[in-house]
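Reminder, nothing fancy here: chain letters follow the sequence lines and each chain counts from 1.
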Amino acid sequence: MTLGDSNQPMDFIRVAVMDDLKAGRYSRVHTRFPPEPNGYLHIGHAKAMCIDFGIAAEFGGQCNLRFDDTNPVKEDVEYVESIQQDIRWLGFDWEDRLYYASDYFERLCEYAVTLITKGKAYVCDLSADDIREYRGTLTEPGKESPYRNRTVEDNLDLFARMRAGEFPDGSRTLRAKIDMASGNINLRDPVMYRIIHATHHRTGDAWCVYPMYDFAHGQSDSIEGITHSLCSLEYEDHRPLYNWYLDALDIDRPRQIEFARLNVSFTVLSKRKLLRLVQGGHVKGWDDPRMPTLSGLRRRGYTPEAIRDFCDRIGVAKKDSMVDIALLEHCLREDLNKRAPRVMGVLKPLRVVIENYPEGRVEEVAAVNNPEDPSAGTRTVPFSRVLYIEQDDFRENPPPKYYRFAPGREVRLRYAYFLKCVGVVKDAQGDVVELTCTYDPATRGGDAPDGRKVKATIHWVSAAHAVPARVRLYDRLFVKEDPDDVDGGQDFLENLNPDSLEVLTGCWVEPSLAESKPGSIYQFERQGYFCLDPDAAKGSLVFNRAVSLKDQWARIERAQRVG
RNA sequence: UGGGGGGUCGGAUAAGGGUAAUCCGGCAGACUUUGGAUCUGCACAUCGAGGUUCGAGUCCUCGCCCCCCAGCCA
């Protein structure tokens, strides 16, 4: 979007930013995306990135990437690397502006000393439990710490010794001296620094005192010249605290604007829950294709374009909301419909023998690679006497409105011939294992010279030429729209969908797929979009179903079952 | 019973005193060598009660409901 020539409605943040520019409160726009490197990025972060990077770009400004790495015990380089990869993959660029809160540790420490000197911070010897006790409750004010009125000299000395490593973890904290009776609990003498003797993934053992996020975030923004600090709703209560620090330090203040974080139906978007899914073995890792992580979506077959389109469509507001996962799926289908090459693949094969087709004969039929994109060209697919078709495409006793194959019925084999079912072969259990058919040589390519019509076109592969494959059919990870909707005492794991993964072996795909590369995405005609998984090895293809095609017949069947 | 936010079709967003619109989903139909795509149509909404006004989703008052906050997490 370029501002001015668009009549698209602006969300409240863009309106606010534009007003700031017009009113001269800021002369430029500089935002930041501030992940903590303690987990993988998910679709909720994609929304935040689209806002942070997107708004900066629209207003001709810049967006920094800053890792909020103030807690060494939770963070790891594994995450700082995966996060950067995911941001780039999504299509955003921080150029040379990669920062870390840990870059500012020395400066933050100076800020702390400044506040001590001004009598606005003190070293407190209360234990964690005591601090909690003294904090009061939501409805009752807290009590002042007995250490609150130490002299500036004592505080300076004690804080220096905290930094020097003289005291064990948890024995003391540095606190801001604000208001123990504030209705806003964040203002009841919040902790600024805590003692943690741990190795930080970037600063190593240089520090044993680490700033709290609240003491680092606003100042980091200020140091970087951030004008608009866009974040989620839960930080609304923290804004007065950030402003208190910034004012007490007399440094630049960005404007913080909060928006509602993303929720998507049938999945969870909290790092804590995602971590439990991984550690509990409910999924196969952060990049399991069922995960809403960017790495999971990528492996599933989602494109950056589809994800960004989704983020554009969900809008930005302050209302708590739950977006229908069907919208995400729609965005993927829409993107892939334009771009994904079409191929034929049979997931649950049923053998077909064409009685009147000469044994040993092979024809190459021409197939369109993408009807939505003529420039994608055509390819050739081998056809012969023995084929596989989809089990679902045959019914011995077809229900009403079922147009596909059945005894005596004629259908079209896509790009090939009309085919008529003349016999059914069953095994000892009475299950259909093979169809005996005849083809009409005059219908090559799929049109009948006599003008007769068939109601259905089905896909197929030539048994002698097809390539074997495994296919993983993914479904929603949870059975409930809101996985947290559980009875007392239970948690979201109760709502896991036991059928979120179905592995199909014995699938057959057309030979053109033999050399495809992991990450390639195809439309298997009439079925859905499938992405070649990195697990694939030569001669052993593994496809992940990203999303199925819309299925009109499934809907009819469902209606028939109900009605 | 403190403090901070929020309530518009089933879901998500618009409308900033003047026709409640758009997208997803649902339903129905057209078309179709993918029961895909595309196209057409239909249904469904301003939390409640007062008030101001020619006119209120929008302004005022009083309610109701929902979310967040009591980490030395972010």
Under 3.5 Å, is there an N or O donor on one side and an acceptor on the other linking the side chain of Asp551(A) and the base of G35(B)? no
Does any N or O donor sit under 3.5 Å from an N or O acceptor when you compare the side chain of Glu372(A) with the base of U38(B)? no
Counting only heavy atoms not in [X], do more than 12 sit closer than 6.0 Å to its [atom1] atom?
X         : atom1 : answer
Lys420(A) : NZ    : no
Arg261(A) : CZ    : no
Glu133(A) : CD    : no

Does [X] reach a base, just sugar-phosphate, or nothing at all? Heavy atoms under 4.0 Å.
X         : result
Tyr402(A) : base
Thr457(A) : sugar-phosphate
Pro371(A) : base
Arg333(A) : nothing
Tyr415(A) : base
Lys401(A) : base

Annotated protein contacts, base or backbone, on nucleotides 11-17 of chain B with a non-hydrogen cut-off under 4.0 Å, one of B, S, - each: SSSS---
OP1, OP2 of [N] versus side-chain N and O of [X]: anything below 4.0 Å?
X         : N      : result
Gln527(A) : G36(B) : no
Arg526(A) : G35(B) : yes
His459(A) : U34(B) : no
Arg188(A) : C69(B) : no

Given atom [atom1] of [X] and atom [atom2] of [N], what is their separation to the nearest angstrom?
X         : N      : atom1 : atom2 : answer
Arg555(A) : G29(B) : CZ    : C1'   : 14 Å
Lys338(A) : U38(B) : NZ    : C1'   : 14 Å
Ile185(A) : G3(B)  : CD1   : P     : 11 Å
Phe310(A) : C23(B) : CZ    : C1'   : 12 Å
Asp373(A) : U38(B) : CG    : C1'   : 16 Å

Can you give the donor-acceptor pairs under 3.5 Å from side chains of residues 317-326 of chain A to other protein atoms, not counting sequence neighbours?
from: Lys318(A); atom 1: NZ; to: Glu236(A); atom 2: OE2; distance (Å): 2.4
from: Asp324(A); atom 1: OD1; to: Ala326(A); atom 2: N; distance (Å): 3.0

Identify all pairs in which a protein N or O lies below 3.5 Å from an N or O of nucleotides 71-74 of chain B, and state each distance.
from: G71(B); atom 1: OP2; to: Arg132(A); atom 2: NE; distance (Å): 3.4
from: G71(B); atom 1: OP2; to: Arg135(A); atom 2: NH2; distance (Å): 2.9
from: C72(B); atom 1: OP1; to: Arg135(A); atom 2: NH2; distance (Å): 3.4
from: C72(B); atom 1: OP2; to: Arg135(A); atom 2: NH1; distance (Å): 3.0
from: C72(B); atom 1: N3; to: Gly170(A); atom 2: O; distance (Å): 3.4
from: C72(B); atom 1: N4; to: Leu126(A); atom 2: O; distance (Å): 2.9
from: C72(B); atom 1: N4; to: Ala128(A); atom 2: N; distance (Å): 3.2
from: C72(B); atom 1: N4; to: Gly170(A); atom 2: O; distance (Å): 2.9
from: C73(B); atom 1: OP2; to: Arg194(A); atom 2: NE; distance (Å): 3.3
from: C73(B); atom 1: OP2; to: Arg194(A); atom 2: NH2; distance (Å): 2.8
from: C73(B); atom 1: O3'; to: Asn71(A); atom 2: ND2; distance (Å): 3.4
from: C73(B); atom 1: O3'; to: Arg194(A); atom 2: NH2; distance (Å): 3.1
from: C73(B); atom 1: O2'; to: Asn71(A); atom 2: ND2; distance (Å): 3.2
from: C73(B); atom 1: O2'; to: Lys74(A); atom 2: NZ; distance (Å): 3.4
from: A74(B); atom 1: OP1; to: Thr70(A); atom 2: OG1; distance (Å): 2.7
from: A74(B); atom 1: OP1; to: Arg194(A); atom 2: NH1; distance (Å): 3.3
from: A74(B); atom 1: OP1; to: Arg194(A); atom 2: NH2; distance (Å): 2.9
from: A74(B); atom 1: OP2; to: Tyr213(A); atom 2: N; distance (Å): 3.0
from: A74(B); atom 1: N6; to: His238(A); atom 2: NE2; distance (Å): 3.3
from: A74(B); atom 1: N3; to: Tyr235(A); atom 2: OH; distance (Å): 2.7

Residues that Ala128(A) engages under side chain to side chain contact (heavy atoms under 4.5 Å, CB included), provided they are two or more places apart: none
Any ion pair linking [Y] and [X] (charged N to carboxylate O, less than 4.0 Å)?
X         : Y         : value
Asp312(A) : Arg308(A) : no
Asp440(A) : Arg452(A) : yes
Glu258(A) : Arg239(A) : yes

With sequence neighbours left out, what residues match Tyr213(A) under ring pair (Phe, Tyr, Trp, His ring centres under 6.0 Å)? His217(A), Tyr235(A)
Between Leu328(A) and Lys550(A), which has a closest nucleotide on RNA chain B that is more 5'? Leu328(A)
Which word best sums up how the rings of [X] and [Y] line up, parallel for under 30°, tilted for 30 to 60°, or perpendicular for over 60°?
X         : Y         : answer
Phe492(A) : Phe478(A) : tilted
His200(A) : Tyr210(A) : parallel
Tyr388(A) : Trp508(A) : parallel

What's the closest nucleotide to the Ile556(A) side chain, out of G5(B), G35(B), G2(B)? G35(B)
Stems for RNA chain B (at least 3 consecutive Watson-Crick or G-U pairs, under 3.5 Å) come to B:2-7 with B:64-69, B:10-13 with B:21-24, B:26-30 with B:38-42, B:47-51 with B:59-63
Would you classify G71(B) as syn or anti? Syn applies when the glycosidic angle is within 90° of 0. syn
Report the glycosidic orientation of G16(B): syn if within 90° of 0, anti in every other case. syn
Of all heavy-atom pairs between Glu334(A) and Asp309(A), which one has the smallest distance, and what is that distance? OE1-OD2, 4.0 Å
